[in-house]
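Just so it is clear, the values below take in all heavy atoms, side chains as well, and ignore hydrogens, waters and symmetry mates. Throughout, a chain's letter reflects where its sequence line sits, starting with A, and its residues are numbered from 1.
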Amino acid sequence: MSTLSIHVDGIGLFGPGLSGWSTAVPVLTGEQAYVPAPMQLPPLDALPAAERRRVGTAVKLALSIGFDAVRGAGADAAQLATVFSSSAGDCDNCHNLLEALASADRSVSPTRFHNSVHNAASGYWSIATGCMAPSTSLSAFDATFAAALLEAATQALDSAAPCLLVAYDTVYPEPLHSLRPIASPFGVAMVLNPQRTEQSLARLEIGWTSNVDTSMADAALESLRRNNPSARSLPLLQQLARGTPDKVVIEYLDTTNLALTVLPCQ
Amino acid sequence: MSSLCLTAFTMTSALGAGLDATRLALRSRRSGLRPGPWRDVALQTCIGEVDGLDQMALSANLAAYDSRNNRLAQLALAQDGFSDHVQRAITRYGQQRIGVFLGTSTSAILSSELAYRQRDPHSGALPEGTPYQTTHNMYSVADFVRRRLGLQGPACVVSTACSSSAKVFGMARRMMSAGLIDAALVGGVDSLCYTTLYGFHSLQLLSGQPSRPFDVERDGISIGEGAAFALLERESLAQAGDVLLTGVGESSDAHHMSAPHPQGLGAQLAMQKALTMAGLQADQIDYINLHGTSTPGNDSAEDKAVCALFGQQTVCSSTKGHTGHTLGAAGAIEAVVCALALQDGFAPGGVGTQVLDPALHCNYLLTNLDQPMQHVLSNSFGFGGSNCSLVFSLKSV
């Protein structure tokens, strides 16, 4: 394949014991121990109060990581094309809707229904930012992060403009949790830019490989990686945090994985 | 990369399985909508159901994927020699150089809806062996199609409500432009389920009658199901009479989760971007297949957007009175309607509509129109303010 080349200008990250990119860097580099703890999200002031009341963890997580990345990149959220990715969207909302549909009267709330669309986070993001640029929302089961990275990189290269990637996965309640055991919520966002800027952290070269995906040395981080599709990004995030050149392999489909060469800019 | 060629395409909907049945229904102005009930849904509504899905079986090696949505995908893939075209493309490019990008809004959620009725009354557990990855999960339809056809290239599912399977054309174009693949199978599959029937009912957007796009008394949608697929290859392969994808325009409304911008600003932006990519002026578009859902607000906003960009001359219609609103499959289904329109020189008049709303001003067709066409545009707008417009063009001699 021809290799894709793209810059990472800003990163957003929230998960269990991980609260924003800048505080996650020393944990990912190993300077600080990783201590899993319930995810803490900042207040969501950007969304109008009426909308804020209607959203659950999935949308809050998506918007939090999105704003974290945009801030890091010094980008204008109102101008950025976006790619939202999630294996399953808003898992709490899905469970509640299924329970209502299995009840005697099957009545569902209009808010639950419009929150059930896979692009709900994208819709709330565009309302919060006033952004009218293109936005895609996608899923590829455990390959979701890699699929979204490809989509965001090709979107940025095709439009010759930066694109915001927002990858998030939350936890299903039972009984779906038993069928799809996502262990904890995790989300990562990146502003991908075809041009190198002062904010560029690294250049990524993206290609295919049949090599196995890179694992995390820390057992707790490896468990996070294995048990949340968006956390498949952790080896890439660790390399970006280290700020040294290296190659990592991210899980994609079947025997094809993504080979990422990370070339720091700073 | 300027354009791509649709080297094969097919669609299956309430109008029938495959292109011949679709052509016949469009020509004879037959609607596939029928009064309910569907299963045990007691809502007063009309439904565009695809016949035969309840009796179908998936091939044994893919039995884990069994669901209404994947059955519909399998039925549609079997029409018009589509799978044979894909096999020839595999011979030409290899399994790993063909992408699979499909749109759906609800995937096979019906499987989980039914499983939730059978939860253990004490533990709350689902019945033993309830599948998830191969049915309910958004990706299952792309996973199924990829395995069914033996494809090994990049794949994912786009789910942006009712623009889903229009946006996959843009995704495929970008992936081919980047050199990651040589061809792409794109399309959309969405099947009847309780979520959308009761969900649209909760929003009071479900009509009690067959939907009537642009009618003065329109009062909501009729939900349909359907699947459509297209094989996209480089324009250099196109021969005279082939259909090209020449423009893709995407935008966001940034307005409301379930209502369009009242002036259709996001819709205008998507249409303008599609025209710009195609290198066309508005007056070069010979027909517009409207999103035309038949809700008061959607049709009004789309009419304003179309009139602002095209004036009041360009002929247009919605085919949702024929098929029902197939939601995540609508973009691909209406792309195929546009391809047929170009190849047959035939613009389908809308059905269901009796009295055009005098407050709407675009040139809405109530009868079929035979005329040679060079360029047509298809609109798909979804919840969350997700807009996508596609331009298709006939390859000249």
Exercise for the section: Might you confirm whether atom NE2 of B/His255 has over 12 heavy atoms from other residues, nucleotides or ligands at distances under 6.0 Å? Expected result: yes
What part of [X] gets closer than 4.5 Å to chain B, counting heavy atoms only: side chain, backbone, both or neither?
X: A/Tyr252; value: side chain
X: A/Ala147; value: side chain
X: A/Leu97; value: side chain
X: A/Ser159; value: neither
X: A/Ser107; value: neither

Do you know the tightest heavy-atom contact between [X] and [Y]?
X: B/Gly124; Y: A/Pro175; answer: O-CB, 3.4 Å
X: A/Thr154; Y: B/Ala178; answer: CG2-CB, 3.8 Å
X: A/Pro110; Y: B/Leu203; answer: CB-CD2, 3.4 Å
X: A/Leu176; Y: B/Ser112; answer: CD2-OG, 4.3 Å
X: B/Ser177; Y: A/Asp158; answer: OG-OD1, 3.9 Å
X: A/Ser135; Y: B/Ser252; answer: CB-OG, 3.7 Å

Taking side chain as C-beta onward, heavy atoms only, is [X] less than 4.5 Å from [Y]?
X: A/Thr111; Y: B/Met257; answer: no
X: B/Ser159; Y: A/Ser137; answer: no
X: B/Thr160; Y: A/Leu138; answer: no
X: A/Cys94; Y: B/Ile109; answer: yes
X: A/Thr136; Y: B/Arg174; answer: yes
X: B/His136; Y: A/Leu98; answer: yes
X: B/Tyr116; Y: A/His95; answer: yes
X: B/Met138; Y: A/Thr144; answer: no

Has the side chain of [X] got a donor or acceptor atom that lies under 3.5 Å from a matching backbone atom of [Y]?
X: A/Asp254; Y: B/Gln152; result: no
X: A/Asn119; Y: B/Phe383; result: yes
X: B/Lys167; Y: A/Pro134; result: no

Once rounded to the nearest 0.5 Å, what's the spacing between atom [atom1] of [X] and atom [atom2] of [Y]?
X: B/Thr195; Y: A/Leu101; atom1: OG1; atom2: CG; answer: 5.0 Å
X: B/Ser202; Y: A/Arg112; atom1: OG; atom2: CZ; answer: 11.5 Å
X: B/Leu43; Y: A/Arg106; atom1: CG; atom2: CZ; answer: 8.5 Å
X: A/Leu179; Y: B/Asn137; atom1: CG; atom2: CG; answer: 11.5 Å

So what's closer than 4.5 Å to chain A heavy atoms on [X]: side chain, backbone, both or neither?
X: B/Leu114; answer: neither
X: B/Gln96; answer: side chain
X: B/Leu126; answer: both
X: B/Ala161; answer: both
X: B/Asp182; answer: neither
X: B/Asp253; answer: backbone

What option among [options] has the most heavy-atom pairs under 4.5 Å with chain A?
options: B/Gly384, B/Ser164, B/Gly199, B/Gly249; result: B/Gly199
options: B/Ala42, B/Ala254, B/Ser105; result: B/Ala254
options: B/His201, B/Met171, B/Lys273; result: B/Met171
options: B/Glu250, B/Met175, B/Gln204, B/Gln133; result: B/Gln133
options: B/Leu269, B/Val157, B/Asn387; result: B/Val157

Among [options], who wins on heavy-atom pairs under 4.5 Å with chain B?
options: A/Ser122, A/Ala143, A/Ala148, A/Ser87; value: A/Ser87
options: A/Ile127, A/Val108, A/Val117; value: A/Ile127
options: A/Gly123, A/Ala78, A/Ser85; value: A/Gly123
options: A/Gly130, A/Ala121, A/Ala133, A/Ala88; value: A/Ala133

Practice task
Run the numbers on A/Leu253 and B/Tyr139 for side chain to side chain contact (heavy atoms under 4.5 Å, CB included), then give the verdict.
Solution key: CA-CA 12 Å; A/Leu253 297 162; B/Tyr139 179 61; 3.2 Å; yes
Practice task
Dump the intermediate steps for side chain to side chain contact (heavy atoms under 4.5 Å, CB included) on B/Asp143 and A/Phe141, then the final yes or no.
Solution key: CA-CA 9 Å; B/Asp143 194 15; A/Phe141 202 66; over 6 Å; no
Problem - Side-chain H-bond candidate by donor/acceptor type, A/Arg180 with B/Tyr132, under 3.5 Å - result: no
Practice task
Measure centre to centre between the rings of A/Phe113 and B/Phe200, then say whether the value is under 6.0 Å.
Solution key: yes
Practice task
Determine, step by step, whether A/Glu151 and B/Val158 satisfy the side chain to side chain contact (heavy atoms under 4.5 Å, CB included) criterion, reporting the C-alpha distance in whole Å, the side-chain angles of both residues, the deciding distance to 0.1 Å, and the verdict.
Solution key: CA-CA 11 Å; A/Glu151 168 65 1; B/Val158 171; over 6 Å; no
Exercise for the section: Please determine if B/Arg119 and A/Glu99 form a salt bridge, counting it only when a charged side-chain N lies under 4.0 Å from a carboxylate O. Expected result: yes
